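Take a look at the structure set out below.
Just so we're clear, the structure is a prediction, and the values are computed from it rather than from any experiment.
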Amino acid sequence: MKKLLVVAVVALLALALVACGGEKPDVKREGVMTYAEYAAAELQTEVVIETFIQAKQGWWENNGVGMATFYTQDTEGGYFLYNLPCSKEDYDKMVPGTHVRVKGWKAEYAGEVEIIDATYEILTDGTYVASATDITALLGADNLADSMNMFVAVKGAT
């Protein structure tokens with residue numbers, strides 16, 4: 001009887017996790033790139049990522065189409081979403097921590113690696129707000145760019 005009760009409880013917990021979107025936000029889903037895969041992808045490559053809004057740069061209309069720019073991050077790295085077609089209503093919903101799936105093209109402009117010509121989907125299965133990573137020791141180092149688009153802190157600089 002105890003075994004049956006344990007099996008029933010485990011099954012109910014599993015169903016509850018699925019129903020509540022219990023998948024961890026950093027679990028890779030089929031067709032979605034990890035940050036390492038994204039970073040290794042060549043420029044002008046189509047990319048699909050899941051990431052979390054960290055900051056907004058702005059929203060505007062361009063020929064009647066809403067556009068927005070976001071800084072996003074997952075537990076592995078940061079992404080810059082440039083000129084993302086986005087309604088004002090969705091822009092207002094995309095607060096820090098909002099989980100989004102983005103499909104677009106990896107590009108670079110003036111040294112900034114970004115995702116352009118993208119579409120997005122707001123996901124409801126978790127949130128993530130990054131803590132600032134201290135990059136003080138990386139100033140002047142060759143690998144400073146590895147922190148591009150991430151939430152960072154510099155300490156003791158003048």
Side-chain angles (χ1 to χ4, degrees), residues 10 12-43 45-60 66-139 141-157:
V10 169
L12 285 173
L13 285 172
L15 284 172
L17 285 173
V18 170
C20 295
E23 183 175 15
K24 290 182 180 179
D26 59 343
V27 171
K28 183 179 182 251
R29 298 176 207 225
E30 186 175 335
V32 176
M33 303 171 102
T34 64
Y35 181 78
E37 292 168 332
Y38 167 80
E42 297 290 325
L43 295 175
T45 299
E46 187 174 48
V47 295
V48 178
I49 61 162
E50 287 190 10
T51 185
F52 299 86
I53 304 296
Q54 300 300 309
K56 303 175 185 186
Q57 193 175 47
W59 183 90
W60 63 96
M67 305 292 277
T69 299
F70 297 95
Y71 290 94
T72 72
Q73 188 171 335
D74 60 23
T75 58
E76 300 174 350
Y79 311 87
F80 183 59
L81 310 180
Y82 182 71
N83 281 356
L84 181 68
C86 176
S87 70
K88 180 67 165 100
E89 180 181 40
D90 279 355
Y91 178 80
D92 291 341
K93 289 179 193 174
M94 291 188 200
V95 297
T98 302
H99 193 188
V100 293
R101 179 179 299 122
V102 178
K103 181 178 182 180
W105 296 88
K106 184 177 177 181
E108 181 179 359
Y109 179 78
E112 170 67 63
V113 177
E114 56 197 23
I115 299 175
I116 63 169
D117 299 331
T119 58
Y120 68 92
E121 175 185 355
I122 298 173
L123 304 175
T124 58
D125 65 344
T127 63
Y128 172 71
V129 176
S131 297
T133 300
D134 183 358
I135 62 162
T136 308
L138 297 176
L139 296 178
D142 291 341
N143 61 343
L144 176 62
D146 293 345
S147 301
M148 186 182 298
N149 298 316
M150 294 176 64
F151 185 42
V152 300
V154 176
K155 297 181 180 171

Using every non-hydrogen atom in the two residues, find where [X] and [Y] come nearest and quote the distance to one decimal.
| X | Y | answer |
| --- | --- | --- |
| D134 | K155 | OD2-CD, 3.6 Å |
| Y38 | K106 | O-NZ, 2.9 Å |
| F80 | V113 | CB-O, 3.8 Å |
| F151 | S131 | CD2-C, 3.7 Å |
| I53 | V95 | CB-O, 3.6 Å |
| V47 | A41 | CG1-CB, 4.4 Å |

Count the heavy atoms of every other residue, nucleotide or ligand shown that sit under 6.0 Å from [atom1] of [X], and state whether that count exceeds 12.
| X | atom1 | answer |
| --- | --- | --- |
| N143 | CG | yes |
| E121 | CD | yes |
| Y91 | OH | yes |

Any heavy-atom pair between the side chains of [Y] and [X] that's under 4.5 Å?
| X | Y | value |
| --- | --- | --- |
| T75 | Y35 | no |
| N83 | W60 | yes |
| L84 | F70 | yes |
| E50 | D74 | no |
| S147 | T133 | no |
| T69 | K56 | no |
| Y120 | L81 | no |

Given the rule in the side-chain contact (heavy atoms from CB on, under 4.5 Å) test, do V32 and R101 qualify, once you have shown the distances and angles that lead to the verdict?
CA-CA 8 Å; V32 176; R101 179 179 299 122; 4.1 Å; yes
Give me the one residue out of H99, Q73, M94 that meets side chain to side chain contact (heavy atoms under 4.5 Å, CB included) with F52.
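For F52, the side chain to side chain contact (heavy atoms under 4.5 Å, CB included) check succeeds only for H99.
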Say you draw a straight line from [atom1] of [X] to [atom2] of [Y]; how long is it, rounded to the nearest 0.5 Å?
| X | Y | atom1 | atom2 | value |
| --- | --- | --- | --- | --- |
| M148 | Y71 | CE | OH | 10.5 Å |
| E46 | I115 | CD | CD1 | 11.0 Å |
| L43 | T45 | CG | OG1 | 7.5 Å |
| E76 | M33 | CD | CE | 12.0 Å |

Before giving the answer on side-chain hydrogen bond (donor to acceptor under 3.5 Å, both in side chains), spell out for N149 and E112 the whole-Å C-alpha distance, their side-chain angles and the decisive distance to 0.1 Å.
CA-CA 9 Å; N149 298 316; E112 170 67 63; 2.9 Å; yes
Would you confirm whether Q54, through its side chain, and A130, through its main-chain N or O, come within 3.5 Å as a donor-acceptor pair?
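Side chain of Q54 to backbone of A130, a donor-acceptor pair under 3.5 Å: yes, one is there.
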Do side-chain atoms of W59 reach the backbone of C86 as a donor and acceptor pair under 3.5 angstrom?
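Yes, the answer is positive, given that a donor and an acceptor are paired below the 3.5 Å cut-off.
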